[in-house]
Asker: 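Structure provided below as C-alpha cells; questions to follow.
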Amino acid sequence: MKKKILITGGAGFIGSHVVRLFVNKYPEYQIINLDALTYAGNLENLKDIDSKSNYIFVKGNITDLAFVTELFQEFKFDGVLHLAAESHVDRSISDPLAFITTNIVGTVNLLNAAKELWKGEMDDKKFYHISTDEVYGSLGPTGKFTETTPYDPRSPYSASKASSDHLVRAYFHTYKLPVVLSNCSNNYGANQFPEKLIPLVINNIKNSKPLPIYGKGDNIRDWLFVEDHALAIDQIYHEGRIGETYNIGGDNEWTNIDLVKKLCDIMDKKLNQDIGTSQKLITYVKDRAGHDMRYAIDASKIEKELGWKPSIQFEEGFEQTIDWYLENTDWLERILSGDYEKYYENQYDNR
Ligand code: NAD
Ligand code: DAU
C-alpha cells in the first residue's frame with residue numbers, strides 16, 4: 001500500500017513546487033493535493049505532473065469541517081503538509097476575516113481531522129505546518145530571528161499565521177499529535193501570483209507601467225529561491241524532529257529599492273533597452289500600514305541538524321526567475337485576464 005500524503009494549497013506558488021518535488025521524487029507515495037482554487041490557486045502550475053499515477057487533485061475548502069472530516073476518512077492519510085493559506089499581507093489589511101477563517105479555522109479543522117484519524121496510532125504519522133518568518137515581527141538594523149524569538153505579529157496575515165502556529169504546538173502538547181513546523185523568509189521563483197513584489201515589477205516593466213515602492217523602499221526582506229524552500233520542506237518532513245520548529249532563510253537581505261533597481265537593470269538588458277530605462281518607472285507610493293521594517297532569518301538549526309542550506313546563489317536564481325516570467329507570458333496573461341480559473345473546469349470533474 002502506498003503511503004498517502006495530503007498536501008494542502010498545492011495549486012499555489014510554493015505548494016506547486018512542493019507537489020511537483022514529491023510526485024516526481026516519491027513514486028511510492030500517493031500525493032493528494034487539496035486546494036480551494038481561490039484567486040491564488042492555479043492548476044496550470046502543475047500541468048506537467050497532473051497525469052502522473054501517484055497524483056490526485058481534490059478541490060475543496062479547509063474551512064469546511066464536514067468536507068475535511070470526510071476526506072480524512074476516505075483517504076486515511078499517513079502525513080499532512082499544510083501550506084494552504086491566505087498569504088498576501090496587503091489583502092489581510094483590507095479583509096482580515098478571510099485570513100482568520102482560512103489560516104486559523106482551516107488549520108484547526110485539519111488538526112482535528114488528523115487527531116481523530118490517528119487516534120491510538122500516531123507512530124510514523126506527521127502533521128507538518130508550513131509558516132512564515134512574519135510571526136516574529138519586525139527587526140531593527142541588527143539581529144536575526146531564531147526559533148526562540150518571541151512572537152510579535154503586526155499584520156492580520158502574520159497574526160493569523162502566528163495563531164495557527166500556536167494551535168499546532170498546542171495539539172502537540174495536549175494531544176501528542178506528531179507535528180513539525182517551519183518558518184520561512186520571502187520566496188521568489190516561478191509561478192508566484194503577480195500581485196507580489198517580484199512578478200508585479202517584472203510585469204509592470206514589460207508594460208512600461210509605474211513600479212510602486214511602498215514608503216521609502218528601505219524595508220528589508222531575506223529572499224530565498226522557492227525550489228530551495230521545497231527541498232527544505234522535503235527534509236523537514238522526512239527528518240525533522242517531532243515537536244520542533246525549523247527556521248528557513250536565504251541569508252540574502254535586500255532593501256526593496258535595491259532589489260527593484262537590480263531587477264530593472266536585468267530587465268533592461270533582457271529587453272535590449274538602455275540601462276536606466278526601467279528605473280525611470282520607479283514610483284514611491286503610500287507605505288503599507290504597519291509595514292514591518294526588516295526580516296532576517298538565522299537558519300543555523302536546520303543547517304546543523306539536517307544539513308540543509310540554500311543550493312542556488314541569488315544571482316543565478318534571480319536571473320532564472322526573470323527568464324521564467326519572460327518566457328511564460330501566456331501563464332501571466334491568463335492570470336491577468338482571469339482565464340486561469342477556467343482551467344479546472346476543463347481538466348477536472350467536481351467531486
Ligand atoms: P499562495 O497564496 O500562492 O497559495 C496559497 C494556496 O492555498 C492557493 O493555491 C489557494 O487556492 C489555497 N487556499 C487558500 N485558501 C484555501 C482554503 N480555505 N482551502 C483550501 N485551499 C486554500 O501562497 P504561497 O506564497 O504559496 O504560500 C504557501 C504557504 O507558505 C502559506 O502558508 C504561507 O503562509 C507560507 N509562506 C509563504 C512565503 C512566501 O514568500 N510566499 C514565505 C514563508 C511562508
Ligand atoms: O516573509 C515571508 C512572507 O513574504 C510570506 O509569509 C508572505 O506570504 C509573502 O507574501 C511575503 O510577504 P511580503 O509582504 O514580504 O511580500 P510582498 O511581495 O507583498 O512584498 C515584499 C516587500 O515589497 C514588502 O516590504 C512590501 C513591498 N512592496 C510590495 C508590493 C506588492 C512594495 O514596495 N510594493 C508593492 O507593490
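Read the numbers this way: they start at 1 and go in the same order the structure lists the ligands and their atoms.
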Asker: Who's closest to atom 40 (O) of ligand 1 heavy-atom-wise, of D64, N187, I233?
Answerer: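 Ranked by closest heavy atom to atom 40 (O) of ligand 1, first place is N187.
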Asker: S131 heavy atoms, cut-off 4.0 Å: which ligand 1 atoms fall inside?
Answerer: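 Checking each atom against S131, I get 43 (C), 44 (C).
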Asker: Is it the side chain (CB and beyond), the backbone, both or neither of H82 that lies under 4.0 Å from ligand 1, heavy atoms counted?
Answerer: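 Neither part.
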Asker: With heavy atoms of E195 as the reference, note each atom of ligand 2 found under 4.0 Å away.
Answerer: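 Listed by number with element, the hits are 31 (C).
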Asker: For R91 and E195, what are the C-alpha separation, side-chain angles and deciding distance, and is it a salt bridge (charged side-chain N to carboxylate O under 4.0 Å, His left out)?
Answerer: CA-CA 10 Å; R91 284 184 184 243; E195 65 188 16; 2.8 Å; yes
Asker: Answer side chain, backbone, both or neither: which part of D133 comes under 4.0 Å from ligand 2, heavy atoms only.
Answerer: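 The part of D133 near ligand 2 is the side chain, not the backbone.
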Asker: For the aromatic rings, using the six-membered ring if either is Trp, is the centroid distance between F314 and W254 under 6.0 Å?
Answerer: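 Here the rings of W254 and F314 have centres that are less than 6.0 Å from each other.
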Asker: Provide, to 0.1 Å, the distance between atom 27 (C) of ligand 2 and the closest protein heavy atom, together with that atom's residue and name.
Answerer: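 Answer for atom 27 (C) of ligand 2: N256 ND2, 3.4 Å.
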Asker: What atoms in ligand 1 come closer than 4.0 Å to a heavy atom of A84?
Answerer: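 Once the distances to A84 are compared, the set is 7 (O), 21 (N), 22 (C).
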Asker: Decide whether a cation-pi geometry holds between K4 and F77; the criteria are a distance under 6.0 Å from NZ or CZ to the six-membered ring centre and an angle within 45° of the ring axis.
Answerer: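 No - K4 does not lie over the ring of F77 by the 6.0 Å and 45° rule.
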Asker: So between A98, A85, S87, G189, whose heavy atom ends up nearest atom 5 (C) of ligand 1?
Answerer: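 Nearest option to atom 5 (C) of ligand 1, by heavy atoms: A85.
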Asker: Is any NZ, NE, NH1 or NH2 atom of the basic residue among E44 and R334 found under 4.0 Å from an Asp or Glu carboxylate oxygen of the other?
Answerer: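 A salt bridge is present here (some side-chain N lies under 4.0 Å from a carboxylate O).
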Asker: What are the atoms of ligand 1, with element, lying closer than 4.0 Å to any heavy atom of N186?
Answerer: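 In order of number, 40 (O).
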Asker: Go through ligand 1 atom by atom and flag the ones less than 4.0 Å from a non-hydrogen atom of Y157.
Answerer: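 So the atoms of ligand 1 that pass are 33 (C), 34 (O).
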Asker: How does R288 reach ligand 2, if at all, at less than 4.0 Å between non-hydrogen atoms: by side chain, backbone, both, or neither?
Answerer: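 Just the side chain.
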Asker: Output yes when D323 and K270 qualify as a salt bridge under the 4.0 Å nitrogen-oxygen rule, no when they do not.
Answerer: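 Between K270 and D323 there is a salt bridge, with a charged N closer than 4.0 Å to a carboxylate O.
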Asker: Please report which non-hydrogen protein atom sits nearest to atom 5 (C) of ligand 2, along with the residue it belongs to and the distance in Å to one decimal place.
Answerer: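 Of every protein heavy atom, Y157 OH, 3.6 Å lies nearest to atom 5 (C) of ligand 2.
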Asker: Among N183, N186, T255, which residue places a heavy atom closest to atom 4 (O) of ligand 2?
Answerer: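 Looking at heavy atoms only, N186 sits closest to atom 4 (O) of ligand 2.
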Asker: Going only through I, L, V, M, F, W and Y residues with side-chain contacts under 4.5 Å, is there a path from F225 to L231?
Answerer: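 No.
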Asker: Starting from atom 21 (C) of ligand 2, locate the nearest protein heavy atom and write down its residue, its atom name and how far away it is, to 0.1 Å.
Answerer: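 Here the closest protein heavy atom is L197 CB, 3.9 Å.
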Asker: Find all atoms of ligand 2 within a distance of less than 4.0 Å from any non-hydrogen atom belonging to T132, and give their numbers and elements.
Answerer: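 Taking each heavy atom of T132 in turn, ligand 2 has 1 (O), 2 (C), 3 (C), 5 (C), 6 (O) under 4.0 Å.
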Asker: For ligand 2, which atoms sit closer than 4.0 Å to a heavy atom of Y295?
Answerer: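 Contacts of ligand 2 toward Y295, numbered from 1: 1 (O).
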Asker: Taking heavy atoms and a distance under 4.0 Å, where does K196 meet ligand 2: side chain, backbone, both or neither?
Answerer: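 Both parts.
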Asker: Please identify which atoms of ligand 2 are closer than 4.0 Å to at least one heavy atom of H291.
Answerer: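 Result: 24 (C), 25 (O), 26 (C).
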Asker: Any idea which atoms of ligand 1 are less than 4.0 Å away from a heavy-atom of L83?
Answerer: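 Reading through ligand 1 atom by atom, the close ones are 28 (C), 29 (C), 31 (C), 32 (O).
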Asker: I'd like to check which ligand 1 atoms, numbered from 1 as shown, lie under 4.0 Å from a non-hydrogen atom of L37.
Answerer: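 Those of ligand 1 that fall under 4.0 Å from L37 are 11 (O).
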Asker: Does G10 have a non-hydrogen atom less than 4.0 Å from ligand 1?
Answerer: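 G10: no contact with ligand 1 (<4.0 Å).
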Asker: Number the atoms of ligand 1 from 1 as they appear, then name those within less than 4.0 Å of a heavy atom of C184, with their elements.
Answerer: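 Ligand 1 atoms under the 4.0 Å threshold to C184: 42 (C), 43 (C).
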Asker: By number and element, which atoms of ligand 1 are closer than 4.0 Å to a non-hydrogen atom of G60?
Answerer: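 Answer for ligand 1: 19 (N), 20 (C).
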Asker: Using a strict cut-off of 4.0 Å, indicate which atoms of ligand 2 neighbour a heavy atom of I213.
Answerer: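 Ligand 2 atoms under the 4.0 Å threshold to I213: 33 (O).
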Asker: Decide if the gap between the ring center of H17 and the ring center of F22 is smaller than 6.0 angstrom.
Answerer: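 Centroid separation for H17 and F22: 6.0 Å or greater.
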Asker: What protein heavy atom is closest to atom 33 (O) of ligand 2, reported as residue, atom name and distance in Å?
Answerer: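 Looking at atom 33 (O) of ligand 2, the protein heavy atom closest to it is Y214 N, 2.9 Å.
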Asker: So, for H88 and F193, is the gap between ring centers shorter than 6.0 Å?
Answerer: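 Aromatic pair excluded; centres sit 6.0 Å or further apart.
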Asker: Identify, for atom 8 (O) of ligand 2, the protein heavy atom at the shortest distance, and state residue, atom and that distance.
Answerer: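 Nearest neighbour among protein heavy atoms for atom 8 (O) of ligand 2, to 0.1 Å: S87 O, 2.8 Å.
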Asker: Give the residue and atom name of whichever protein heavy atom lies nearest to atom 12 (O) of ligand 2, and the separation in Å to one decimal.
Answerer: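 Of every protein heavy atom, E134 OE2, 3.0 Å lies nearest to atom 12 (O) of ligand 2.
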Asker: Which of these passes side-chain hydrogen bond (donor to acceptor under 3.5 Å, both in side chains) with K144: T149, D251, D133?
Answerer: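 Filter result, single survivor: D251.
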